[in-house]
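Beneath this line is the structure, given in structure tokens, with notes to follow.
Convention: sequence-line order gives letters A, B, ...; per-chain numbering from 1.
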2 protein chains.
Amino acid sequence: MTLQPLYPRATWQRTAIMSALENAGTFMSAQDLYERLRSEGARVGLTTVYRTLQSLNDRGEIDVLHVAGKEAAYRRCGTPVHHHHLVCRSCGRAEELESAAVEEWARESAQSHGFTAVTHTVEIYGLCGACASGGD
Amino acid sequence: MTLQPLYPRATWQRTAIMSALENAGTFMSAQDLYERLRSEGARVGLTTVYRTLQSLNDRGEIDVLHVAGKEAAYRRCGTPVHHHHLVCRSCGRAEELESAAVEEWARESAQSHGFTAVTHTVEIYGLCGACASGGD
DNA sequence: ATTGGTTTTGACAATCGTTTTCATCTAAGC
DNA sequence: GCTTAGATGAAAACGATTGTCAAAACCAAT
């Protein structure tokens with residue numbers, strides 16, 4: 001028996017998508033990335049962008065954000081450890097946050113109500129300085 | 001000029017939807033409610049359920065929850081003031097939570113990074129006691 | 001009660017983000 | 001180079017939600 005490859009194959013598409021996200025720094029949707037890559041001349045398919053983002057997220061290499069009525073937005077974060085975000089509603093720029101107090105509160109709240117297998121989502125949305133003053 | 005009615009008209013559909021949610025107590029999607037109402041013999045349209053839930057939410061009479069890949073879920077909460085939820089992933093049952101510390105943390109985090117017009121989402125997910133032991 | 005004008009309803013079509021399908025292409029191991 | 005399982009992408013399928021519009025219901029004023 002041959003053992004399965006541990007990592008997905010290295011294709012230029014995957015690399016392009018990853019680095020586009022990397023130097024964007026902001027949260028971007030699959031469609032955003034697709035358009036950006038296209039406009040840069042990269043001939044990737046939308047399907048591939050969706051699939052790649054999904055797989056990167058499954059591997060924990062990027063974070064997702066599901067905002068109310070919007071498309072899923074992905075971001076390449078600076079740290080692989082659990083954290084939350086302060087996201088600009090307008091431009092997608094984000095700061096990474098953490099708070100032991102919040103983690104503790106979540107854990108205790110769940111425990112005291114008899115809930116197990118606990119996870120949580122904590123995100124803060126606002127307008128960053130640049131968007132609030134300058135254009136939109 | 002006659003002044004506009006302050007409240008939506010009282011239709012039996014609106015009443016039925018509201019009370020179905022009310023005595024469910026859990027988070028339910030538009031489709032869940034539609035099916036339940038139908039099975040009880042109420043001849044409402046799916047469109048109406050969607051519209052009514054939206055309008056009830058706009059008025060702040062019910063809360064919404066947008067979970068990752070699922071349908072929007074609504075709940076009639078006990079309090080009209082800002083709060084968060086501890087939600088059972090399996091049955092939708094929820095506890096209402098509040099924490100001055102978390103609110104303060106969110107406010108300060110945003111402020112210290114120059115973000116304005118701040119809002120946040122904080123939800124805890126888990127398995128409630130009943131679902132963890134009993135069936136699914 | 002009846003009317004009139006505005007809202008609300010609901011069957012159906014349309015939208016939109018995302019996933020599936022499947023035939024073709026390609027990276028990576030021999 | 002050759003093989004082949006994994007990756008790609010165009011197009012179709014999907015599922016939740018919203019738009020359309022004619023018919024029905026509400027309610028204030030006759």
Integer-rounded Å distance: D:dT18 P and B:Asp58 CG: 10 Å
CZ of B:Arg14 versus P of D:dA25: gap in Å, rounded? 18 Å
Less than 3.5 Å between a donor and an acceptor, one on the side chain of A:Thr47 and one on the base of D:dA11, is that the case here? yes
Could you tell me the separation between the CG atom of B:Leu53 and the P atom of D:dA16, rounded to a whole number of Å? 15 Å
Counting only side-chain heavy atoms from C-beta out, which of D:dT18, D:dT17, D:dT8 sits nearest to A:Thr48? D:dT8
Using whole Å, report how far CH2 of B:Trp12 lies from P of D:dC26. 10 Å
Nearest heavy atoms of A:Asp63 and A:Phe27, plus distance in Å: O-CE2, 4.0 Å
Winner on side-chain proximity to B:Arg9, out of C:dG10, C:dA28, C:dG5, is C:dG5
Nearest-Å distance, OH (B:Tyr34) to P (D:dG15)? 16 Å
Between A:Lys70 (NZ) and D:dT18 (P), how many Å, whole number? 13 Å
Taking only the side-chain heavy atoms of A:Tyr50 (C-beta and beyond), determine which of C:dT8, D:dA16, C:dG17 contains the nearest atom. C:dG17
Could you tell me if the side chain of A:His120 sits less than 4.5 Å from the side chain of A:Arg107, heavy atoms only? no
So does B:Thr11 get a side-chain nitrogen or oxygen closer than 4.0 Å to the phosphate oxygens (OP1/OP2) of D:dA25? no
Mind checking B:Ala30 for me? I need base, sugar-phosphate or nothing, with any heavy atom below 4.0 Å counting as a touch. nothing
Euclidean distance, atom CG of residue A:Leu46 to atom C1' of D:dA7 [Å, nearest integer]: 16 Å
Is there a side-chain contact between A:Gln13 and A:Leu37 in this structure, where contact means two heavy atoms from C-beta onward sitting under 4.5 Å apart? no
Between A:Glu35 and A:Arg38, does any side-chain N to carboxylate O distance fall below 4.0 Å? no
Interatomic distance, A:Tyr74 OH vs C:dT18 C1' [rounded to whole Å]: 9 Å
So if I take every side-chain heavy atom of A:Gln54 and compare against C:dT18, C:dT19, D:dT17, which nucleotide ends up nearest? C:dT19
For B:Arg75 and B:Gly25, which heavy atoms make the closest approach, and how far apart are they? NE-O, 2.6 Å
OP1 or OP2 of D:dG9 versus the side-chain N and O atoms of A:Gln13: is any pair under 4.0 Å? yes
Using only heavy-atom distances, decide whether a donor-acceptor pair under 3.5 angstrom links the side-chain of A:Arg51 to the base of D:dG9. yes
